[in-house]
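Since the structure comes first, as structure tokens, the remarks are kept for the end.
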Amino acid sequence: MPAERSSIPAAGTRWLTMVLAGLACIAVEVAVRGMHGPFDIRGIAAATAAIGGIAIAVGELLRRRWPTLGATPRGRATWVCAAVAIAVAVEAVIRLLFGDGILLDTFLLIVLRDLVIALAVLSHHAAARQACVGVATFLVVFASASAHAIWAQGFVIAFATIGVCWLVAGHWETIEQRIEASSRTALPRRWLLALPLALLGLLLVVPVSARQIRQADGFMPTSGGQGRSAAAATAGVGDGDALVAGLDNIRSFAPLDNAPFMTSHESSLYDIFDDMYNEPVQRKKTERTISLANQDTIRNDDHSIATSRRPGREFSTVRQPGRSSSRRIADLESRALLQVKGRVPLHLKLESFDRFDGVSWHPEELPSWQAGLSWQKVGSRRWLRVADGVLCDIYGPPESHALRIIRLKSNRIPSPNRLAAVHIDHVDRADFFEWAQPGILRVDRDTLPELVTVNVQSQPVDTWRLLGLPGAFSGGPAACREFGEDRHAQAVKMLAESWVAGLPRGWPQIERVVERIRETCTLDPDARAGADRPDSVAEFLLETRRGPDYLFASAAVVALRSLGYAARLASGFYAHPQRHDVRADHTAVLPGDVHFWAEVHAVPGHWITLEPTPGYTVLVPSRGIVARATHAVLLALGWLVRHPLAPTALGLLVLLGLRHGKYLVDLADEAVWRLATMRGDGTASRALVLDTVAFLDRRCARAGLPRPRHVTPARWLDIVHGRMSATMTAAMPAAHARAFVRIAAVALYGPPGAARHPASSVTTAPAVWSWRHLSSARRLTA
Amino acid sequence: MTMTGTAEPTPTALDRIDGVRRHLNTVLKGKSDVVEHVLVCLLARGHLLLEDRPGLGKTTLAKALAASIGGSFMRVQCTPDLLPSDITGFNIFNQRTREFEFRRGPVFTDILLADEINRATPRTQSALLEAMAERQVTVDAERFGLSDTFFVIATQNPHEQHGTYPLPEAQLDRFAMKLEVGYPLAEDERAMLAAAVGGADRLGPGAAAVLDPGDLAAMQDAVAATPVAAGVQDYLVRLAHATRGHREIALGVSPRGLLIWQRAAQAHAWLDGRGFVTPDDVQRVAVPVLAVRLGIDGSDEGGVIAGILEGVEVPIRP
């Protein structure tokens with residue numbers, strides 16, 4: 001029996017090299033951009049795909065025009081040096097022109113990334129492929145270790161899997177070059193998709209999580225703090241069991257419930273807000289004795305302040321200019337205010353504001369009726385449970401978080417939206433807690449005790465359930481529906497109405513408003529509203545379109561109120577996923593994480609968190625792969641129902657393509673061939689004959705009569721013609737066929753300089769081996 | 001059809017070779033493919049090994065061929081007691097002239113039929129094979145050239161192994177082709193029997209030669225000059241490499257075999273009336289050329305060779 005061996009084409013190694021280089025580039029971009037704040041992974045992927053396409057095109061051009069470039073070690077070294085030099089030159093120019101540059105380690109990563117791209121362009125040479133994958137391996141490992149996003153670890157898994165395929169392909173390529181196969185069976189191309197699809201399925205089903213990463217910790221010795229310790233490990237690896245337990249130094253950040261309370265002299269909560277956004281501008285109040293009322297300049301600032309025992313402060317949207325002290329990494333306080341254990345991102349509310357006078361937000365008076373509080377024992381813990389109130393099925397499974405208070409000068413408990421229960425160890429007195437504002441609890445003392453852990457349970461909103469919620473998003477507190485009548489307010493209303501035109505009332509409109517604000521406005525923490533402007537939100541939405549987060553939130557609230565929804569401003573902290581410590585499994589909340597967002601009223605007692613600021617997201621309920629897939633299918637079906645014309649046309653096109661696709665392709669191919677025949681001088685040049693032979697070869701393959709690789713094209717045309725003549729009753733122009741077969745043989749294998757034939761002897765060939773005849777011959781001989 | 005720049009055979013040459021073809025087909029009915037390969041081998045200046053049972057017309061074929069080309073014919077029945085000098089010739093002392101005279105052996109002919117070559121001793125086989133390769137014999141340190149169109153048809157019976165000296169692969173490699181005649185079809189046998197009634201010879205001693213003296217040599221020179229494209233040569237090399245790595249082939253094609261293969265393809269193209277070689281010519285002569293030299297185990301020589309041909313892609317661009 002002849003030896004049979006499946007073969008992976010050498011081009012497969014080249015394409016795998018390109019994929020590995022692309023993964024390395026994305027990993028580097030994720031790591032580099034993650035150091036400087038939020039980023040858009042789609043943008044990175046799109047940019048990498050574009051660069052990859054350019055690299056592939058340049059590589060093909062080099063392979064065809066200058067195939068020896070990069071073939072020798074000197075050529076490759078020259079190419080590599082040129083790539084590095086270009087990257088260095090670009091950075092030097094940027095520093096010269098703008099006086100600002102990137103960190104040295106970031107610059108080195110970028111140089112190596114450019115090197116990978118340069119080697120990928122030369123990937124048609126084996127040595128360049130190996131060097132490219134080697135450098136790409138280093139980049140992926142280094143980038144994944146320095147990336148803040150947990151999901152960046154998935155790059156290592158994908159890179160390793162595809163790297164194994166690359167090694168296998170390289171191994172077979174080496175074998176094929178050394179041993180000529182006696183017979184070759186090509187691996188069906190669809191099997192090449194099996195491994196990437198399996199990898200994708202694996203990544204979807206088993207997402208990389210902190211737990212799985214920490215499981216790798218078992219390979220490392222530790223001095224404690226993780227439930228185990230090794231005698232040979234030195235101190236500092238796991239900080240020691242005693243240290244973590246708070247016996248040696250109670251300033252450890254593990255959220256334990258048994259640390260003693262301490263006092264501190266840290267700044268108050270509102271000092272933190274002023275540090276973040278600067279002091280508010282103190283406006284002079286001008287009294288006019290004789291004047292017409294100017295509705296653009298006079299503001300009646302007579303809203304009553306909240307008359308609670310501990311009144312909340314108002315928040316002005318007009319702040320002092322100047323750079324925020326906490327904008328630069330070097331200026332940020334390195335010590336956390338609190339630690340959050342649990343899923344992030346998380347909005348921790350400390351205060352909400354209901355009334356807006358165009359410049360400042362004011363909290364409303366605490367209503368007389370509040371949700372009831374009751375104690376419930378779960379296991380060994382006593383939980384202070386908040387009454388459910390009006391039932392509303394818009395929430396996902398309950399979420400639990402543990403908040404380790406480090407230095408927060410406030411007696412309010414940072415609460416996720418829809419607070420359901422609270423637990424502080426050894427604190428089970430009913431009078432210890434009271435409502436500060438609807439949905440915000442506080443303790444009956446001046447500040448929350450430091451180093452105490454507050455366990456909270458909440459219910460994140462499942463936005464998928466908001467679409468069909470009957471009677472929602474109507475009503476709500478009157479203060480939260482107030483909307484001005486001046487021209488600025490009307491302009492904002494017109495803008496909001498233009499955004500939601502054509503959408504049904506309810507969650508689709510609310511979602512659209514938030515999306516449009518995120519898309520059209522730019523987050524600029526240093527931008528400030530004009531001190532003399534009467535309406536900071538109108539200025540932000542209609543003119544500047546840049547500003548800090550509180551303007552984004554204010555704009556969302558005002559826009560929603562203009563559409564008749566009850567909305568309010570909320571402030572507090574944002575536990576950012578980028579600050580999540582994978583090993584310690586908690587997220588630090590720093591003074592720079594103060595944040596503003598919006599809330600919209602759904603049903604009585606139920607407010608939904610809205611995040612209009614780009615780079616910030618709302619915690620969504622954890623959903624399984626089945627639920628996500630079902631939702632995606634339902635969304636697609638809904639879109640199809642709303643837009644029946646497009647999918648119907650698309651379906652018809654697909655059906656047409658499936659049934660007659662090859663014929664249509666053949667028509668196009670023949671049209672291209674005929675264009676080439678028109679450029680002749682009436683005789684059939686060798687090039688024309690070869691083009692015609694190649695066209696007929698492709699036509700036979702499309703018609704289901706592919707030429708075996710060991711049969712010459714001329715002979716195959718002769719064989720096919722014999723089949724056509726044997727199976728069809730219509731007389732076939734045999735003389736033309738024989739003549740063309742001989743012409744084809746001469747063009748393919750004859751010496752150059754043969755006499756030219758009339759063009760008609762060639763241009764009539766497609767009529768002999770026509771699509772109709774070939775299809776009939778295939779059907780009759782099948 | 002005339003094309004500039006090609007070594008196309010002239011119509012006259014094609015007519016004459018067609019005459020030879022007709023004669024041979026008359027002698028060997030129903031075996032046109034065998035006749036074609038014999039002509040290819042003849043024009044390629046190779047030697048032919050016929051491996052088949054007795055009584056299938058091998059001797060008749062050789063005689064007819066010799067008559068057609070206007071050459072002389074000699075036959076040697078190889079036996080174990082056959083000496084090398086019986087093949088090449090020997091010096092004999094002439095008592096009258098008191099000098100040694102060289103008596104030429106059967107190799108001094110145009111067509112030599114060596115029957116049952118595997119019955120001759122290896123020493124005798126070597127003498128014949130040396131004459132085939134060198135086209136000369138050396139007797140007592142004196143060289144004697146053979147005919148320019150010296151053509152050997154050797155036969156052997158594959159089914160009788162007792163008392164034989166099988167040719168080793170190195171010696172088999174000196175043959176250009178190995179053919180099997182095979183039994184004729186029933187209708188051909190009936191026609192043969194009908195023609196034999198009345199005692200009519202299929203080819204009498206006075207049959208006219210089709211080719212003139214020197215025609216065959218000119219044809220062989222034209223065949224050797226037939227151009228072979230670089231792609232076709234690369235195809236030959238890849239085929240040769242495929243035979244060398246094959247699991248069922250003991251000995252792959254040697255460079256000498258590759259040269260013979262190319263020459264046979266040239267002859268096939270010339271017989272087809274073309275002035276250039278195509279991969280189809282290479283494939284058509286592959287089985288007889290490879291069968292004699294590959295040392296394929298088992299009886300499925302054709303299948304193995306077909307598998308090799310199917311596994312190598314033909315060139316599709318000049």
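Reckoned from all heavy atoms, side chains included, excluding hydrogens, waters and symmetry mates. Reminder, nothing fancy here: chain letters follow the sequence lines and each chain counts from 1. Please read all numbers here as calculations on a predicted model, not as lab measurements.
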For A:Ala714, is it the side chain, the backbone, both, or neither that has a heavy atom closer than 4.5 Å to a heavy atom of chain B?
-> neither

Let me know if A:Pro708 has heavy atoms under 4.5 Å from chain B in its side chain, its backbone, both or neither.
-> neither

Donor-acceptor pair, side chain of A:Tyr749 and main chain of B:Pro315, under 3.5 angstrom = yes

For B:Val314 and A:Val711, which heavy atoms make the closest approach, and how far apart are they?
-> CG2-O, 3.5 Å

Output a table of donor-acceptor pairs, distance under 3.5 Å, between side-chain atoms of residues 227-236 of chain B and any protein atom two or more places apart or on a different chain; print 'none' if there are none.
from	atom 1	to	atom 2	distance (Å)
B:Gln233	NE2	B:Gln262	OE1	3.1
B:Asp234	OD2	B:Arg238	NE	2.9
B:Tyr235	OH	B:Gln283	NE2	2.8

Taking all atoms of both residues into account, what is the closest heavy-atom pair of B:Ile316 and A:Arg707, and its distance?
-> CG2-NH2, 3.5 Å

Residue-level contacts of residues 38-47 of chain B with chain A, using a heavy-atom cutoff under 4.5 Å | none

Below 4.5 Å, heavy atoms only, C-beta onward: do A:Arg742 and B:Arg274 meet side chain to side chain?
-> yes

All heavy atoms of A:Arg715 vs all of B:Asp280, minimum pair found to be CD-OD1, 3.2 Å

